[in-house]
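Report on the following structure.
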Amino acid sequence: MGSYNALLSLFNITAEEVKGERNGQTVNGLVYVALDENGNKASNPFKASLFGKDAGVAQLQKHFEQSKEKMKSNPAILVLKNTVELAMHMTSNERDFKKATDRTGHQ
């Protein structure tokens with residue numbers, strides 16, 4: 001979820017897992033929240049179900065696992081890994097990291 005939220009933050013959105021119990025039933029879901037330009041929550045949470053089944057926890061976890069397997073044999077993983085590692089060594093905060101990994105160089 002951390003990597004997913006890093007990607008979502010480029011669009012001023014964050015996702016939060018909701019776990020617990022409601023009316024005697026186990027709840028395991030996801031909500032999305034709009035962020036302001038400083039990364040602070042700027043809206044009420046929106047249930048993932050509003051965006052369809054593909055935006056929920058179960059489907060995202062399935063997608064993450066499938067992607068993980070595909071990336072094991074994909075040469076693009078080396079380029080991505082090198083880009084991220086270089087950006088991590090060259091920056092000291094999230095904003096600079098985003099700029100360093102942005103292909104266009106613009107935020």
Side-chain angles (χ1 to χ4, degrees):
M1 284 300 295
S3 298
Y4 184 54
N5 268 325
L7 178 62
L8 289 176
S9 72
L10 297 174
F11 302 97
N12 291 341
I13 299 170
T14 190
E16 297 176 351
E17 286 189 76
V18 178
K19 294 181 179 184
E21 191 175 310
R22 187 183 319 147
N23 299 327
Q25 294 185 346
T26 301
V27 176
N28 185 18
L30 196 65
V31 294
Y32 292 89
V33 181
L35 304 174
D36 64 17
E37 62 278 352
N38 297 317
N40 300 312
K41 293 179 182 178
S43 75
N44 291 323
F46 296 92
K47 289 182 180 181
S49 61
L50 291 172
F51 305 108
K53 290 183 180 183
D54 290 341
V57 172
Q59 188 62 25
L60 284 174
Q61 288 174 340
K62 181 179 176 183
H63 178 74
F64 295 157
E65 286 301 316
Q66 289 173 344
S67 295
K68 185 177 176 180
E69 289 302 314
K70 287 179 185 176
M71 289 303 288
K72 285 181 181 178
S73 62
N74 190 326
I77 189 71
L78 296 176
V79 173
L80 178 61
K81 182 180 178 188
N82 290 338
T83 301
V84 170
E85 286 178 354
L86 180 61
M88 287 174 64
H89 291 293
M90 294 175 44
T91 61
S92 60
N93 61 56
E94 183 179 353
R95 182 168 294 186
D96 290 343
F97 176 79
K98 287 179 184 178
K99 287 180 183 177
T101 56
D102 182 14
R103 287 182 178 257
T104 62
H106 302 289
Q107 194 58 107

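Since this is a predicted model, take the numbers as computed values, not measurements.
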Original post:
Taking everything shown except Gln66 itself, do over 12 heavy atoms lie less than 6.0 Å from its CD?
Top reply: yes
**OP:** For Asn74 and Ala76, indicate whether the former's side chain and the latter's backbone hold a donor-acceptor pair under 3.5 Å.
**Re:** yes
Subject >> Over 12 non-hydrogen atoms of neighbours within 6.0 angstrom of CE in Met71 >> reply: yes
**OP:** Before accepting this row, confirm whether a basic side-chain N of the pair Lys72/Glu69 lies closer than 4.0 Å to the acidic partner's carboxylate O.
**Re:** yes
Original post:
Between Ala55 and Tyr32, which heavy-atom pair has the shortest distance, and what is it?
Top reply: O-OH, 2.8 Å
Original post:
If only atom types and distance count, is the side chain of Ser9 paired as donor or acceptor with the main-chain N or O of Ala6 below 3.5 Å?
Top reply: yes
**OP:** Measure across Ala48 and Gly56 and return the closest heavy-atom pair with its distance rounded to 0.1 Å.
**Re:** CB-CA, 3.9 Å
Original post:
Is it the case that one hydrophobic cluster holds both Leu35 and Phe51, taking links as side-chain heavy atoms less than 4.5 Å apart, direct or via other members?
Top reply: no
**OP:** Indicate if Leu78 and Leu86 have the same hydrophobic cluster label, given that clusters are the connected sets of ILVMFWY residues with side-chain heavy-atom separations under 4.5 angstrom.
**Re:** no
Subject >> Single hit among Val33, Leu8, Val31 for side-chain contact (heavy atoms from CB on, under 4.5 Å) with Thr14 >> reply: Val33
Original post:
From Thr83 OG1 over to Met88 CE, what is the distance, rounded to the nearest 0.5 angstrom?
Top reply: 13.0 Å
Subject >> Rounded distance (nearest 0.5 Å) linking atom CG of Leu30 with atom CD of Gln61 >> reply: 9.0 Å
Original post:
Is a side-chain N or O of Asn5 found less than 3.5 angstrom from the main chain of Ala15, in a donor-acceptor match?
Top reply: yes
